[in-house]
Amino acid sequence: MVTSKLQALWNHPAGPKTIHFWAPTFKWGISIANIADFQKPPENISYLQQIAVTCTGMIWCRCSTVITPKNWNLFGVNVAMAATGIYQLTRKIKYDYVVSEAETTAVEKVSS
């Protein structure tokens with residue numbers, strides 16, 4: 001039973017014998033790197049990089065469901081890219097607009 005499932009995966013049109021398998025598999029590295037950056041201070045996060053990661057994830061999620069063969073590995077990695085990009089953008093926006101404003105207000109109160 002296991003061997004028949006492995007053989008089906010191996011012979012699938014988006015299986016390990018094709019680029020349709022390996023390209024999204026290596027793309028997981030971007031999502032893993034973005035997850036590793038969750039520990040990075042928000043002031044070091046790049047808006048342009050995270051917008052690119054988020055948009056790439058969103059656009060290719062759609063494409064992965066309309067191409068033939070359907071590529072669920074591509075769909076999954078792009079959901080992860082969009083989610084991690086949105087999270088990083090949220091951290092950056094909170095830092096730039098919420099924390100920075102609170103610090104500015106605190107400094108103004110101390111100096112008056």
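Only heavy atoms go into these numbers, but all of them, side chains included; no hydrogens, no water, no symmetry mates.
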(message) A quick test of your reading: do over 12 heavy atoms of other residues, nucleotides or ligands sit less than 6.0 Å from NZ of Lys17?
(response) yes

(message) Is there a side-chain contact between Phe38 and Thr84 in this structure, where contact means two heavy atoms from C-beta onward sitting under 4.5 Å apart?
(response) yes

(message) If you count heavy atoms of other groups shown closer than 6.0 angstrom to CZ of Phe26, is the number above 12?
(response) no

(request) Rounded to the nearest 0.5 Å, what's the gap from CG on Asp96 to CG on Leu89? Could you check? (result) 10.5 Å

(request) Would you mind reporting whether Val98 and Ile93 have side-chain heavy atoms less than 4.5 Å apart? (result) no

(request) Determine, for Tyr47 and Lys92, whether the Lys NZ or Arg CZ falls below 6.0 Å from the six-membered ring centre while staying within 45 degrees of the axis. (result) yes

(request) Could you tell me whether a side-chain N or O of Asn34 sits under 3.5 Å from a main-chain N or O of Ile30, the two making a donor and an acceptor? (result) no

(message) When you compare the side chain of Trp60 with that of Lys27, does any pair of heavy atoms fall below 4.5 Å?
(response) yes

(message) For residues Ile35 and Tyr87: do they belong to one hydrophobic cluster (side chain heavy atoms under 4.5 Å, members Ile, Leu, Val, Met, Phe, Trp, Tyr)?
(response) yes

(request) May I ask you to test the Trp10-Leu6 pair for a side-chain heavy-atom distance under 4.5 Å? (result) no

(request) For residues Trp28 and Ala80, report the shortest heavy-atom separation together with the two atoms involved. (result) CZ3-CB, 3.6 Å

(request) Would you mind reporting whether Asp37 and Ile45 have side-chain heavy atoms less than 4.5 Å apart? (result) no

(request) Go through the steps for Asn71 and Thr65 under the test side chain to side chain contact (heavy atoms under 4.5 Å, CB included), then give the verdict. (result) CA-CA 7 Å; Asn71 193 333; Thr65 60; over 6 Å; no

(message) By the definition side chain to side chain contact (heavy atoms under 4.5 Å, CB included), identify the one residue from Pro24, Cys61, Cys63, Ser31 that meets it with Asn78.
(response) Cys61

(request) State, to 0.1 Å, how close Pro16 and Trp22 come at their nearest heavy-atom pair, and which atoms those are. (result) O-NE1, 2.6 Å

(request) Mind listing the closest non-hydrogen atom pair of Val53 and Met81 along with its distance? (result) CG1-O, 3.4 Å

(request) With rounding to the nearest 0.5 Å, note down the distance linking SG in Cys55 to CD in Gln50. (result) 11.0 Å

